[in-house]
Amino acid sequence: MKRVTLLGATGSVGQNAVDLIGRNPDAYDVVALTGGRNLAQLVADAIRLKADVAVTCHEDAYAELKDLLAGTGVAVAAGAEAIREAALRPADWTLSAIVGAAGLVPGMAALSHGATLALANKESLVTAGPLLMQTADEHQATILPVDSEHSAVFQALVGEDIAAVERVIITASGGAFRDWPLERLATATAAQASQHPNWDMGQRITIDSASMFNKAMELIETKEFFGVSSEMIEVLVHRESLVHAMVGFHDGALMAHVGPPDMRHAIGYALHWPDRQHLPVERLNLAQVGSLTFDAPDDTRYPALALAKRVMEEGGLSGAVFNAAKEAALDAFVAGEIGFLEMAQVVSDTLDALSSDEGLQNIAMTLDNVLETDALARIRAKEVINRLG
Ligand code: NAD
Ligand code: MG
């Protein structure tokens with residue numbers, strides 16, 4: 001039996017993983033499930049999948065979770081440290097589907113037992129890519145991508161020599177506002193940004209899709225995960241969200257990965273890798289789809305993409321600043337403190353402030369330094385937000 005842990009089990013990606021594992025419960029020994037405030041979901045899944053332990057990241061929810069699981073045989077824990085401890089429990093396969101930089105420490109913990117980390121949490125690669133990859137190497141652990149674009153690239157590279165790769169193209173739907181006139185974007189609300197045209201995802205990534213910050217993070221994620229240079233990575237707007245990524249080789253071949261917008265494909269691929277097993281996803285009928293469209297992204301509409309290029313070129317801790325400032329800007333946008341277009345301003349100004357003041361390039365990438373830089377960037381971002389608001 002495969003021992004599995006799902007970090008962020010109650011979220012959008014986590015629930016897709018629960019669905020796959022729940023269809024074949026005898027094949028899995030569920031070690032830990034973690035979540036946040038949605039205790040009812042956490043409890044139901046922990047009982048159904050017979051988890052050893054259920055953990056909420058909120059310390060103040062401990063007593064309630066303990067009550068709900070009393071007499072079930074499922075152990076209970078709460079708080080950020082308890083999530084890290086859950087990730088330290090030996091497992092063969094750990095899904096990191098926590099949202100935000102909070103995924104970094106538990107992801108590092110999971111790598112320390114040298115097993116497989118299926119990584120949906122893109123923020124950990126953006127924040128500390130080199131550290132994560134180095135930690136995996138040190139412990140002979142495997143990181144498998146679960147973000148759909150990166151799973152697509154990974155699959156297109158099976159049996160190929162990375163040296164033969166000329167370019168990597170990841171696609172973007174264009175998000176909720178792709179057809180809005182530019183002038184209207186300044187007035188966009190969080191509720192409007194939370195409606196994705198093609199994918200059903202958590203609120204934060206959905207808003208990041210509207211601003212293209214999600215694609216910006218995925219550019220950085222591509223560079224860190226596959227070790228390709230920033231000039232080799234491109235974004236194409238593809239409204240249908242059926243081609244997830246393409247890999248171009250030296251001989252001119254372009255290998256595309258095509259599939260329905262259903263995260264169970266990427267999760268299932270990582271779960272069964274290196275094999276392929278039957279997955280309950282829709283089979284595409286391309287005759288019915290008819291046509292697939294591709295457009296170059298408009299840099300004025302999506303300033304996040306230029307910020308990602310800057311981070312890829314600067315390297316080092318600039319990714320930690322970028323991600324923390326983006327998270328702070330997103331919180332401020334959701335709270336109505338800043339406008340939709342000001343999110344990119346916050347990230348840009350925070351990067352400016354920290355790269356000149358702190359000499360980010362000269363700071364070594366240790367976990368402590370990353371966490372310190374993340375905290376500092378949130379303070380700087382808050383100053384920019386207060387100035388704008
Ligand atoms: P979500 O908001 O639906 O779920 C997040 C999960 O993380 C929940 O279980 C929540 O309880 C938990 N969580 C939140 N804050 C936490 C904290 N501080 N400490 C520990 N746990 C915490 O998010 P999602 O859409 O499932 O996305 C999860 C991750 O996967 C993100 O990094 C996202 O960018 C990435 N991703 C998501 C999709 C998708 O289809 N939703 C696709 C590709 C990548
Ligand atoms: Mg993606």
Side-chain angles (χ1 to χ4, degrees), residues 5-19 32-42 45-46 54-59 61 65 77-87 95-107 109-110 117-127 144-154 170-173 175 194 196 198-209 212-222 225 235 238 241 243-245 257 259-267 269-270 323 326-327 330-331 334 374:
T5 282
L6 308 181
L7 306 171
T10 56
S12 167
V13 171
Q15 284 294 294
N16 278 301
V18 165
D19 175 78
L33 297 183
T34 82
R37 292 267 173 229
N38 191 348
L39 300 185
Q41 189 68 58
L42 184 62
D45 293 337
V55 189
T56 164
C57 63
H58 301 288
E59 266 173 57
L65 185 60
E81 179 54 21
I83 301 262
R84 193 182 75 90
E85 281 166 13
L95 175 71
S96 172
I98 290 172
V99 65
L104 176 61
V105 168
L117 179 67
L119 192 63
N121 177 265
K122 59 191 75 184
E123 295 87 348
S124 48
L125 265 181
V126 171
T127 302
L144 297 175
V146 170
D147 210 343
S148 55
E149 296 75 6
H150 306 79
S151 173
V153 173
F154 190 74
I170 58 174
T171 62
S173 68
S194 303
H196 198 282
N198 303 333
W199 291 87
D200 179 15
M201 310 185 286
Q203 190 198 24
R204 299 184 74 87
I205 183 175
T206 304
I207 299 177
D208 284 344
S209 297
M212 216 48 115
F213 264 111
N214 181 47
K215 215 47 57 180
M217 289 199 283
E218 290 181 358
L219 283 169
I220 303 168
E221 199 184 348
T222 305
F225 190 84
V235 173
H238 168 51
S241 294
V243 176
H244 304 300
H257 181 284
D262 183 335
M263 284 306 291
R264 291 177 304 175
H265 173 74
I267 299 165
Y269 183 77
N323 182 70
K326 195 279 298 175
E327 289 191 24
L330 181 56
D331 287 338
V334 171
D374 174 282

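Here, residue 1 is the first one in the sequence, and each next residue gets the next number. Only this structure's heavy atoms are used, side chains among them; waters, hydrogens and symmetry mates stay out. Just so you know, ligand 1 is whichever comes first in the structure, and atom 1 is the first atom listed for that ligand.
Here the CD-OG distance, from E221 to S124, works out to 8.0 Å after rounding to the nearest 0.5 Å. In this structure, the separation between CG on D147 and CZ on F225 is 11.0 Å, given to the nearest 0.5 Å. Residue D374 holds its CG atom at 7.0 Å from CD of E327, rounded to the nearest 0.5 Å. In this structure, CG in L42 is found 10.5 Å from CG in L6, a value given to the nearest 0.5 Å. For the atom pair E149 CD and K122 NZ, the distance stands at 6.5 Å (nearest 0.5 Å). The CD1 atom of I98 sits 5.0 Å away from atom CG of L7, with the distance rounded to the nearest 0.5 Å.
When all heavy atoms of D262 and N16 are compared, the pair lying nearest together is OD1-OD1, 4.4 Å. The two residues I83 and G35 have their closest heavy-atom pair at CD1-O, 4.4 Å. Contact between L117 and G107 at its shortest, heavy atoms only, is CD2-O, 3.8 Å.
In this structure, the protein non-hydrogen atom closest to atom 9 (O) of ligand 1 is T10 OG1, 2.7 Å. At the top of the distance list for atom 11 (O) of ligand 1, counting protein heavy atoms only, stands G36 N, 2.8 Å. Atom 43 (C) of ligand 1 has its closest protein heavy atom at D147 OD1, 3.0 Å. Among all protein heavy atoms, the one lying closest to atom 12 (C) of ligand 1 is G8 CA, 4.2 Å. When only non-hydrogen protein atoms are considered, atom 25 (O) of ligand 1 lies nearest to G202 N, 3.0 Å. For atom 18 (N) of ligand 1, the closest non-hydrogen atom on the protein side is A102 CB, 3.4 Å. Closest to atom 35 (C) of ligand 1, if we only count protein heavy atoms, is A120 O, 3.1 Å. Remark: minimum distance from atom 28 (C) of ligand 1 to any protein heavy atom is reached at A97 O, 3.3 Å.
Under 4.0 angstrom from ligand 1, there are no non-hydrogen atoms of Q203. For S12, heavy-atom contacts with ligand 1 shorter than 4.0 Å involve the backbone as well as the side chain. Residue V99 touches ligand 1 through backbone and side chain together, judged by heavy-atom distances below 4.0 Å. Using a 4.0 Å cut-off between heavy atoms, M263 contacts ligand 1 through its side chain alone, with no backbone atom that close.
Between M263 and D200, every side-chain heavy-atom pair lies at or beyond the 4.5 Å cut-off. Residues V235 and E218 are not in side-chain contact: their nearest non-hydrogen atoms beyond the backbone lie 4.5 Å or more apart.
Taking 4.0 Å as the cut-off, S148 does not count as a neighbour of ligand 1 on heavy-atom distance.
Put simply, the side chain of T34 gets close to the backbone of G8: a donor and an acceptor are under 3.5 Å apart.
Atom numbering of ligand 1 starts at 1 in the shown order; those under 4.0 Å from a heavy atom of K122 are 32 (O), 34 (O), 44 (C). In summary, the atoms of ligand 1 found under 4.0 Å from a heavy atom of M201, numbered by their order in the structure, are 39 (C), 40 (O), 41 (N). Close approach of ligand 1 to E123 (heavy-atom distance below 4.0 Å) involves ligand atoms 31 (C), 32 (O), 34 (O).
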* Trace of the side-chain hydrogen bond (donor to acceptor under 3.5 Å, both in side chains) decision for H244 with T171 -> CA-CA 6 Å; H244 304 300; T171 62; 5.2 Å; no

* Where do N198 and S241 land on the side-chain hydrogen bond (donor to acceptor under 3.5 Å, both in side chains) test, with the steps shown first? -> CA-CA 7 Å; N198 303 333; S241 294; 2.7 Å; yes

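The shortest N/O to N/O separation between I83 and ligand 1 does not fall below 3.5 Å.
The heavy atom nearest to atom 19 (N) of ligand 1, out of those in G11, C57, P106, A17, is found in C57. Nearest-residue assignment for atom 33 (C) of ligand 1 (options D262, I205, D200, L42; heavy-atom criterion): I205. Distances from atom 37 (C) of ligand 1 to the heavy atoms of V55, D208, V13 put V13 nearest. Checking I267, V126, I98 against atom 31 (C) of ligand 1, the nearest heavy atom belongs to I98.
The angle subtended at the Mg ion (ligand 2) by OE2 of E218 and OE1 of E149 is 100°, given to the nearest 10°.
For D147, the N, O or S atom closest to the Mg ion (ligand 2) goes by the atom name OD1.
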